[in-house]
Amino acid sequence: MRKSLKVVTIGGGSSYTPELIEGFIKRYEEFPLTDLWLVDIEAGKEKLEIVGAMAQRMVKAAGIDCTVHLTLDRREALKNADFVTTQLRAGQLSARVLDERIPLSHGMIGQETNGAGGIFNALRTVPVILDIVEDMKELCPDAWLINFANPAGMVTEAVLRYGNWPKVVGLCNIPVNAVVNEAELLGEAPEKLFFQFAGINHMHWHTVMDSKGVDRTDELIKLMYGTGTNTEIVANIKDNNLIFEQVENLHMVPCPYHNYYYHTDKMLAEELADFEVNGTRAEKVKQIEAELFALYKDPQLDYKPKQLAERGGARYSEAACETITSIYNDKRTTMTVSTRNNGTVKDLPDDCAVEVTCTLTGNGPVPYNFGSFKPQERGLLQLMKAMEQLTIEAAVTGDRGTLLQALTINPLVTSGDVAKQVMEEMLEAHKEFLPAFFK
Ligand code: G6P
């Protein structure tokens, strides 16, 4: 009998699921998946049924011998899993709308992984992920947890530090996209270049070296920022506002999310202008999702539609499926993921999560040593890590004082009375998902 190979995807009703299926189909030879369990909660049942049927059609059309199971029973699904992937959104898109709208109404950036919105996203998601880890300890103690749930870095760190679960990898699609786009700019094949990323999720910098050992970072910075032709970077961040003068001195390429920190006023003005026309990004995503699910309902559709590219998570499956395949086969793919620091970035604590370039072995990610940042990156990085740690602690303890500290030091949150006001308003708005704060 064929050996079972089981993957469980929590948040399986997500519109990203076809992306994941496509990745598994592509890698079936090296990752002979027998069972894929898509799990969701009651509120996501309709979406799960629609996207689940679509996943079943994709698998059938590909002619692979894999069963796609749909369930609302997480514990049943987790039994003997080999890999568990998490792509859930606690409170669904309606909670993201609040994460974005409330800060904006106080004149701050409203964003799902940054500022006050990112903090509240973490407060809702951390308890859910820690619950999943408890189930995994009991039902699939050998499984790897591959997390894409946002804010991915904080969620991964919570699993490491509070879940005491070392077999976790945090994913993001930003590095995968950067490698492809920037290799093209440099006129090189991606596999001929070595990109070294270091930092934390949505706050990392990178360098690039070619196969002759030549550092091409400054050349890349010139191509990206010195020609006045900055283009879209990810679908959810429209403009790259970074300017050559501020990037050239870093001698490292910042990530798209640096726009929020290096050009806060401009990003806020753009967000407000967009808000007048389209509402927040979450509201736009709701529209995109409605269109996607209308397509997924078509019984003839058995491949990932191109409209999925309107979401910000392009190449998510490259990151997820390649990570899983590489761990399974000890393939040693080079990939940038969130993992335990262990001294990789000297400026951050050993036990925190960092997003760094790694070799993905059968024993999980082995990071390339990075060392120390220069002050221009270090200052912001250490501040953001402290903010993350306070946020995770607040999520676990439900302590308002700790939460207020996290908000106070977050560069995107106005301090003082306004921070406290936003805190109270958001706690109330998300009450249903924050039992730790309302004991
Ligand atoms: C980027 C980020 C992801 C995020 C996504 C949002 O790709 O790396 O962490 O989830 O954008 O895209 P959305 O379409 O939901 O705005």
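Predicted model only: the values in this text are computed from it and were never measured. All values below were derived from every heavy atom in this structure, side-chain atoms included, with hydrogens, water molecules and symmetry-related copies excluded. Each ligand, and each atom within it, is numbered from 1 in the order the structure gives.
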- prompt: Does E112 come within less than 4.0 Å of ligand 1, judged by its heavy atoms?
  reply: yes

task: State the atoms of ligand 1, each with its element, that fall below the 4.0 Å cut-off from a heavy-atom position in R281.
output: 13 (P), 14 (O), 16 (O)

- request: Using distance alone, decide if ligand 1 has a nitrogen or oxygen within less than 3.5 Å of any nitrogen or oxygen in G312.
  value: yes

- prompt: Is the closest heavy-atom distance from Y257 to ligand 1 below 4.0 Å?
  reply: yes

- request: For G313, take its heavy atoms, then give the atoms of ligand 1 lying under 4.0 Å from any of them.
  value: 7 (O)

task: Return yes when N173 approaches ligand 1 closer than 4.0 angstrom through a heavy atom, no otherwise.
output: yes

message: Within the 3.5 Å criterion, strictly below it, is a donor on E271 or Q111 matched to an acceptor on the partner's side chain?
response: no

N/O donor to acceptor pairs below 3.5 angstrom from side-chain atoms of residues 308-318, sequence neighbours left out:
unit_1: R311; atom_1: NH1; unit_2: S15; atom_2: OG; d: 2.9
unit_1: R311; atom_1: NH1; unit_2: E289; atom_2: OE2; d: 3.3
unit_1: R315; atom_1: NH1; unit_2: N177; atom_2: OD1; d: 2.6
unit_1: Y316; atom_1: OH; unit_2: Q87; atom_2: OE1; d: 2.6
unit_1: S317; atom_1: OG; unit_2: E19; atom_2: O; d: 3.2
unit_1: E318; atom_1: OE1; unit_2: R27; atom_2: NH2; d: 3.3
unit_1: E318; atom_1: OE2; unit_2: K26; atom_2: NZ; d: 2.9

- request: Quick one: sort the F24 and F31 rings into parallel, tilted or perpendicular, breaks at 30° and 60°.
  value: parallel

- prompt: Does E388 come within less than 4.0 Å of K385, counting only side-chain N to carboxylate O?
  reply: yes

query: Do N114 and Y261 get their side chains close enough for a donor-acceptor pair, meaning under 3.5 Å?
result: yes

field: Proximal ligand 1 atoms for V285, defined as those under 4.0 Å from one of its heavy atoms
entry: 13 (P), 14 (O), 15 (O), 16 (O)

field: Any N or O of T113 closer than 3.5 Å to N or O of ligand 1
entry: no

Heteroatom proximity flag, E310 to ligand 1, N/O under 3.5 Å: no

task: Verify whether one side chain among N363 and T361 offers a donor that lies under 3.5 Å from an acceptor in the other.
output: no

task: Would you mind listing which atoms of ligand 1 come within a distance below 4.0 Å of any non-hydrogen atom of R311?
output: 13 (P), 14 (O), 15 (O)

Atom indices of ligand 1, in the order listed, that fall short of 4.0 Å to a heavy atom of R96: 13 (P), 15 (O), 16 (O)

- request: Write out the residue and atom name of the closest protein heavy atom to atom 3 (C) of ligand 1, then the distance separating them to 0.1 Å.
  value: N150 ND2, 3.8 Å

query: Taking NZ, NE, NH1 and NH2 as the nitrogens, is one of them in R74 or D135 under 4.0 Å from a carboxylate oxygen of the other?
result: yes

- request: Identify, by atom number and element, the atoms of ligand 1 in contact range of I174, meaning under 4.0 Å from any of its heavy atoms.
  value: 8 (O)

- prompt: Hey, which atoms in ligand 1 end up nearer than 4.0 Å to a heavy atom of Y16?
  reply: 12 (O), 14 (O)

- prompt: Side chains of T333 and S326: donor-acceptor distance under 3.5 Å anywhere?
  reply: yes

task: Salt-bridge test for E283 and K286: reply yes if a basic N is under 4.0 Å from a carboxylate O, no otherwise.
output: no

query: Which residues satisfy the ring-ring contact (aromatic ring centres under 6.0 Å, His included) test with W205, sequence neighbours excluded?
result: H258, F373

query: Which ligand 1 atoms, with their elements, are less than 4.0 angstrom from a heavy-atom of C172?
result: 8 (O)

